[in-house]
Amino acid sequence: MAREVLLVPAEALRPLGIRTALDEPAGALLVGCRDPRLAGRRLLLDPGHGGRDPGAVGPRGSREASVTLEVAQRCASLLALAGAAPSLTRTTDRTVSLPVRVALAESRRAELFLSVHANSFTDPRVHGTETYYYETWESRRLAEAVQRELVAELDLADRGVKEASFYVLRQTRLPACLAELAFLSNPREEELLAVPWFRLKAATALFRGVRSFVEGRTA
Ligand SMILES: [Zn+2]
């Protein structure tokens with residue numbers, strides 16, 4: 001007869017380096033392993049928009065600011081499970097100016113800056129994932145790692161890695177990239193972005209992209 005309850009004391013998992021967290025909206029138990037290459041690394045995640053600035057708004061009314069916050073928070077949880085020291089430029093729906101976001105990268109002595117966004121265009125047929133960087137080779141490498149993992153995990157059209165002079169990319173002095181997960185202006189992608197499991201998948205992809213970048217640095 002199957003047992004209905006499996007008791008695993010958290011105390012027994014800790015010495016093995018296994019940590020867990022519950023993602024209730026997505027209905028998922030996150031199980032992470034301490035990764036020595038991520039341990040203690042200060043990584044700054046930047047959920048785009050917020051507060052007075054909702055960002056893009058989809059045809060069904062989804063707000064970019066809440067998509068970016070949820071995905072960035074989930075990514076931070078995954079990084080924390082792996083032993084990294086992630087932080088966020090905002091943890092609630094509030095206005096944070098672009099200069100403040102950049103200043104946080106300095107004051108928290110972060111080693112990379114990952115800005116999370118959802119795209120929008122006048123033509124609702126336009127869809128897919130793209131990631132931006134500005135100028136440096138290191139930022140390009142970060143953008144490529146993030147884009148590769150997003151495309152593999154989300155399975156949306158690969159619009160590639162592009163260079164653009166966005167404020168948060170131009171003004172930060174550390175490796176930085178800006179991921180446009182999908183298009184809120186595309187009805188199918190707006191629907192996907194509203195699903196907690198999809199947001200968790202996006203967060204997982206960002207986590208893998210960051211990990212692969214950080215590992216490349218220490219190698
Ligand atoms: Zn945006």
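These numbers come from a predicted model, not from an experiment. Hydrogens, waters and symmetry mates play no part in the numbers below; they use all other heavy atoms, side chains included.
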Task: Audit row: Thr136, Arg173, side chain to side chain donor-acceptor pair (under 3.5 Å) steps and yes/no - done: CA-CA 10 Å; Thr136 71; Arg173 275 181 289 174; over 6 Å; no
- [ ] Decide yes or no on salt bridge (charged side-chain N to carboxylate O under 4.0 Å, His left out) for Arg90 and Asp46, but give the supporting numbers first.
- [x] CA-CA 7 Å; Arg90 64 180 178 96; Asp46 174 44; over 6 Å; no
TODO: Evaluate side chain to side chain contact (heavy atoms under 4.5 Å, CB included) for Leu156 paired with Glu189, printing each intermediate quantity in order.
DONE: CA-CA 9 Å; Leu156 301 177; Glu189 293 191 352; 3.8 Å; yes
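By the 4.0 Å N-to-carboxylate-O rule, Glu191 lies close enough to Arg60 to be salt-bridged with it. Between Glu135 and Arg170, none of the side-chain N atoms (NZ, or NE/NH1/NH2) sits under 4.0 Å from a carboxylate O, so this pair counts as no salt bridge. A salt bridge links Glu111 with Arg217; the closest basic N to acidic carboxylate O contact falls under 4.0 Å.
Formation of a donor-acceptor pair under 3.5 Å by the Glu149 side chain with backbone atoms of Gly209 is not found in this model. At least one donor-acceptor pair closer than 3.5 Å links the side chain of Ser185 to the backbone N or O of Phe121. Looking at Arg34, its side chain never comes within 3.5 Å of a backbone N or O of Gly83 through a donor-acceptor pair. Judged by distance alone, with hydrogens and angles left aside, the side-chain atoms of Thr68 form a donor-acceptor pair with the main-chain N or O of Gly48 at under 3.5 Å.
A distance of 11.0 Å separates CG of Leu184 from CG of Leu192, quoted to the nearest 0.5 Å. Leu98 CG to Tyr167 OH: the interatomic distance, rounded to the nearest 0.5 Å, is 7.0 Å. Here CD of Glu138 is found 10.0 Å from CG of Leu174. Values are rounded to the nearest 0.5 Å.
One side chain, His49 or Glu64, offers a donor N or O that lies under 3.5 Å from an acceptor on the other.
With Glu144 as the partner, the side-chain hydrogen bond (donor to acceptor under 3.5 Å, both in side chains) test is satisfied by one option alone out of Arg141, Gln147, Arg140, Arg148: Arg140.
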